[in-house]
Amino acid sequence: MKIAVLSRNANLYSTRRLREAGEARGHEVDIIDTLHCYMDITKSNPTVRYHGQALPHYDAVIPRIGASITFYGTAVVRQFEMMGTFSVNESVAISRSRDKLRSLQLLSRKGVGLPRTGFANKADNIKDVIKNVGGAPVVIKLLEGTQGIGVVLADTNKVAESVMEAFIGLKANILVQEFIKEAGGADIRCLVIGNRVVAAMKRQGAEGEFRSNLHRGGSASLVKLSPAERATAVNAAKVMGLNVCGVDILQSSHGPVVMEVNSSPGLEGIEQATNKDVAAMIFKFIEENAKPHNTRTRGKG
Ligand code: ADP
């Protein structure tokens, strides 16, 4: 098959591994820089142009869209969908997953376990929001944050109130969550492909750090999932409409709770921790599912 990886940087581990794994399975793999794509939006023949030429037909695209380019990146993916190219994750699902609050609302509607979460826009409502999620300690998160930046643990109600006031004063969108203390600074990253968890790792935050992000010095190890954790991850991916994603779970005293669903999960940490060829599994999924116009939304909605 002819497959394009949409990525800003051909040298990133995940991008390199995707090229390698695809070629090893006999595919022709091109790395296309998402931001260098431009679009010809016409009634009869939508195209994606690149360096002065229309791109050839691809059977499938693998979007690796970073959070900072969500708007433009999803437009490029949508254009491929309109051309009948199969996208591993659909543009609509990627946009959906990028809004943390919207994701939590969708997951809660389908009964997926979540940390108790509140959201407010006005400083007058802060005290009540904190009370509703169970009072301090609480975690306050910037909706636009990634890699643990803008995630604050407030130990007392007073601290929570002033941090929230400050964020709201800066017109930042924030959510407030019960602090899952029993997770002990660790979370579980489940890599879901199709409707299966194909690899999972436990990430433990550095000493004295409640955030387990590997970018913040967390360390990864192999973990065996409970049936409830496995079902939660698969369910979360399904609700979000993502075929390939990373589902981050905390082990709480009231069962597994989903923190986030990531539509462009990094492959380095998970492949190294589990010794699994996740990149090859993504191509296997494409081989089994990529048919022309086989996207649920074709860019609609
Ligand atoms: P980001 O998307 O920026 O990585 P997360 O919401 O994933 O932000 O939070 C970063 C880290 O902080 C998580 O990996 C987890 O270890 C920790 N964390 C986040 N929310 C909670 C919570 N409600 N209770 C306990 N720990 C949390």
Side-chain angles (χ1 to χ4, degrees), residues 65-70 94-108 112-119 129-157 159-160 163-164 167 172-192 200-221 223 229 232-233 236-237 240 242 245-266 268-270 273:
I65 309 293
S68 61
I69 65 154
T70 301
I94 298 171
S95 308
R96 195 185 281 144
S97 73
R98 284 294 154 78
D99 181 335
K100 285 191 193 194
L101 187 63
R102 183 177 178 197
S103 304
L104 292 173
Q105 287 174 318
L106 292 171
L107 294 168
S108 85
V112 177
L114 299 170
R116 256 189 104 167
T117 304
F119 181 63
V129 173
I130 296 171
K131 193 171 121 216
N132 272 319
V133 300
V138 292
V139 176
I140 299 161
K141 296 184 188 183
L142 275 178
L143 282 194
E144 290 81 18
T146 57
Q147 299 180 352
I149 298 164
V151 180
V152 180
L153 173 59
D155 280 321
T156 65
N157 287 342
V159 172
V163 171
M164 287 177 71
F167 279 150
N173 284 315
I174 49 167
L175 56 80
V176 187
Q177 253 172 14
E178 67 171 310
F179 174 52
I180 311 291
K181 186 167 188 289
E182 59 275 25
D187 74 352
I188 297 177
R189 160 58 63 95
C190 302
L191 207 301
V192 178
M201 64 175 165
K202 187 166 193 157
R203 298 179 297 197
Q204 180 72 53
E207 186 70 30
E209 172 62 79
F210 79 101
R211 294 167 297 182
S212 57
N213 304 68
L214 299 182
H215 288 99
R216 310 204 65 79
S219 55
S221 61
V223 66
E229 286 159 355
T232 298
M240 300 306 297
L242 291 166
C245 61
V247 181
D248 295 342
I249 285 179
L250 291 173
Q251 293 174 306
S252 85
S253 53
H254 49 93
V257 292
V258 173
M259 240 180 344
E260 198 175 21
V261 184
N262 191 323
S263 57
S264 291
E268 187 167 14
I270 195 102

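Counting starts at 1 for both ligands and their atoms, in listed order. Only a predicted model underlies this, so the values are computations on that prediction, with no experimental measurement involved.
Across all their heavy atoms, Val151 and Arg211 have their closest contact at O-NH1, 3.6 Å. Counting all heavy atoms, side chain and backbone alike, Val133 lies closest to Gly118 at CG1-N, 3.5 Å.
Proximity to Glu178 (heavy-atom distance under 4.0 Å) selects the following atoms of ligand 1: 22 (C), 23 (N), 24 (N). In summary, the atoms of ligand 1 found under 4.0 Å from a heavy atom of Asp187, numbered by their order in the structure, are 14 (O). In the vicinity of Lys100, heavy-atom distances shorter than 4.0 Å reach the ligand 1 atoms 1 (P), 2 (O), 3 (O), 6 (O), 8 (O). Taking every heavy atom of Glu260 and a limit of under 4.0 angstrom, the matching atoms of ligand 1 come to 1 (P), 2 (O), 7 (O).
If you look at Val139 next to ligand 1, the close heavy atoms, those under 4.0 Å, all belong to the side chain. Looking at Lys181 against ligand 1, nothing comes within 4.0 Å, counting heavy atoms.
Distance alone, capped at 3.5 Å, is enough to place a donor-acceptor pair between the Ser264 side chain and the Ile65 backbone. Side chain of Glu229 to backbone of Pro256: no donor-acceptor contact under 3.5 angstrom is found.
Scored by the side-chain contact (heavy atoms from CB on, under 4.5 Å) test, Asn132 finds Asp128 as partners (sequence neighbours excluded). For the side chain to side chain donor-acceptor pair (under 3.5 Å) test, residues two or more places apart in sequence or in another chain that qualify with Arg189 are Asp248.
Atom OG of Ser103 is separated from atom CE of Met259 by 13.0 Å, given to the nearest 0.5 angstrom.
Comparing Arg211, Met259, Arg203, Arg116 by heavy-atom distance to atom 18 (N) of ligand 1, the nearest is Met259. When the heavy-atom distances from atom 11 (C) of ligand 1 to Val151, Ile249, Asn213, Val138 are ranked, the shortest goes to Asn213.
Considering backbone and side-chain N/O atoms, Lys141 comes within less than 3.5 Å of an N/O atom of ligand 1. Not one N or O of Asp248 is nearer than 3.5 Å to an N or O of ligand 1, by distance alone.
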